Amino acid sequence: MSVWSIVVAAGSGDRFGGPKQYESLGGQRVLDWSLQAAAECSDGVVLVVHPERAADPEPAATVVVAGGDTRSGSVRAGLDAVPADAEVVLVHDAARPRASRHLWARVIEAVHTGADAAVPAVPVVDTLREIGGGTVDRDRFVTVQTPQAFRSSALRRAHAEAPEGTDDASLVEAVGGLVLLVDGEPANRKITTPQDLAAMRGMCGS
Ligand code: CTP
Ligand code: MG
């Protein structure tokens, strides 16, 4: 089965104060970690960048395309560049540099065994409270990560029929697809604020 990856890196990083995916981490850019993992785990890699950067050379990517105004729009731009015969498509946030190769392999395997979508999930460790309500049972919730893997037909249909969401598995679920949760990784955090990057630099060198 041919496997392609889309790495979305077209965001402006408003909460960070700039495009965090181009900051340095461990001797290379944040997004390079994801590009390397994607290249090792798939047959082709589509990198989605801000339109201003679409002409910049990115040797680790097979194709570079300009993203959209929303994350879902950027995924769609990437999907348009994935060959029609790709059977499995992964979508990964450039802002998550620490996803292990094992995690990439786990989500791909879950799609090979029949799921429309496979999503890494981690348990909630803090006490969870609803604003204006009370404490809720955290065992009923997980937080989800990327890379998420999809049967390509399911991802294409979801983006055609249910176009906006903060991740892609929720779109596949909205059109009736089977979404499987696999074990995520607590270290696979998304960089959202400067504090997230500082903590990560502390763990793996600047
Ligand atoms: N992303 C994208 N295109 C967009 C918005 C987001 O490709 N229009 C990408 C980001 O570059 C990031 C991933 O989607 O790798 C997850 O998004 P998020 O962490 O929200 O990043 P930003 O949208 O850049 O940050 P913010 O929401 O703080 O502006
Ligand atoms: Mg965002």
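Numbering of ligands and ligand atoms starts at 1, following listing order. For the single chain, residues carry numbers from 1 onward in sequence order. Quick caveat: nothing in here was measured; it's all calculated off a predicted structure. Values reported hereafter were calculated over all heavy atoms of this structure, with side chains retained and with hydrogens, waters and symmetry mates removed.
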Trainee: In terms of side-chain geometry, is the basic nitrogen of K190 or D93 positioned less than 4.0 Å from the acidic oxygen of its partner?
Mentor: no

Trainee: Using only heavy-atom distances, determine whether the side chains of Q195 and T193 contain a donor-acceptor pair under 3.5 Å.
Mentor: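 Checked: Q195/T193 side chains pair up, N/O donor to acceptor below 3.5 Å.
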
Trainee: Identify every side-chain donor-acceptor pair in residues 42-50 under 3.5 Å, counting partners at least two apart or on other chains, and give the distances.
Mentor:
| unit_1 | atom_1 | unit_2 | atom_2 | d |
| --- | --- | --- | --- | --- |
| S42 | OG | S5 | OG | 2.8 |
| S42 | OG | A38 | O | 2.4 |
| D43 | OD2 | V3 | N | 2.8 |
| H50 | ND1 | E52 | N | 3.1 |

Trainee: Is E185 salt-bridged to R96, going by a charged N under 4.0 Å from an acidic O?
Mentor: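 So E185 does not pair with R96 through a salt bridge.
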
Trainee: Hey, are R101 and E40 close enough for a salt bridge, meaning a charged N less than 4.0 Å from a carboxylate O?
Mentor: yes

Trainee: So, N188 versus Q145: side-chain donor-acceptor pair below 3.5 Å or not?
Mentor: yes

Trainee: Taking non-hydrogen atoms within less than 4.0 Å of ligand 1, which protein residues qualify?
Mentor: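 Contacting ligand 1 under 4.0 Å are V8, A9, A10, G11, S12, G13, D14, R15, K20, Q21, G68, D69, T70, R71, S74, D93, A94, A95, K190.
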
